[in-house]
Amino acid sequence: MAEVDARRVTGYQDFVDDAPLDLIYVADGSQARHLPGWQDDVFGATCAGAIAQNVYLFCAEQGLNTVVRAWFDRAALAKTLALEPDERVLLTQTVGYRPAARAQHTNGGGGR
């Protein structure tokens, strides 16, 4: 596992560089060898979708913004993370403050 700040390669949108949190969903194909053929892709995507939905629910309850993204350079992100050949990036998900909460957070004003 690489310990790097990979925000700059998790998407092309300008907000990813400053996001307080970027989640990267990676499927490890070596852990799904018992699944026949195409099912490892389906299983990985289904799990990533379920996790991302839970993050959406958490962010809604906590007053945070989040967005799942699939528009990024997969090869560059895999290289930045030093992924193994069996590992592939499925999605990224940015978590951040809502505009009013962000202003309060960056100005040192309380917040949650």
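- Heavy-atom minimum distance, Pro20 versus Tyr97: CG-CE1, 3.8 Å.
- With respect to the salt-bridge test (charged N to carboxylate O, under 4.0 angstrom), the residues Arg69 and Asp22 qualify.
- The distance from atom CD of Gln93 to atom CD1 of Ile24, rounded to the nearest 0.5 Å, is 11.5 Å.
- The CG atom of Asp28 lies 9.5 Å from the CG atom of Leu83; values are rounded to the nearest 0.5 Å.
- Cation-pi geometry between Arg74 and Phe72 is satisfied (NZ or CZ under 6.0 Å from the ring centre, within 45° of the ring normal).
- With Glu87 contributing its side chain and Glu84 its backbone, the two residues share a donor-acceptor pair below 3.5 Å.
- Side-chain heavy atoms closer than 4.5 Å link hydrophobic residues (I, L, V, M, F, W, Y) into clusters, and following such links, possibly through other members, connects Ile51 to Val95.
- Under a hydrophobic-cluster definition in which Ile, Leu, Val, Met, Phe, Trp and Tyr are linked whenever side-chain heavy atoms come within less than 4.5 Å, directly or via other members, Leu57 and Leu21 are assigned to different clusters.
- With hydrophobic clusters built from ILVMFWY side chains whose heavy atoms lie under 4.5 angstrom apart, Tyr25 shares a cluster with Phe58.
- Here the side chain of Thr66 pairs a donor or acceptor atom with the backbone of Thr94 at under 3.5 angstrom.
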Working for side chain to side chain contact (heavy atoms under 4.5 Å, CB included), residues Leu77 and Thr92: CA-CA 10 Å; Leu77 186 51; Thr92 63; 3.8 Å; yes

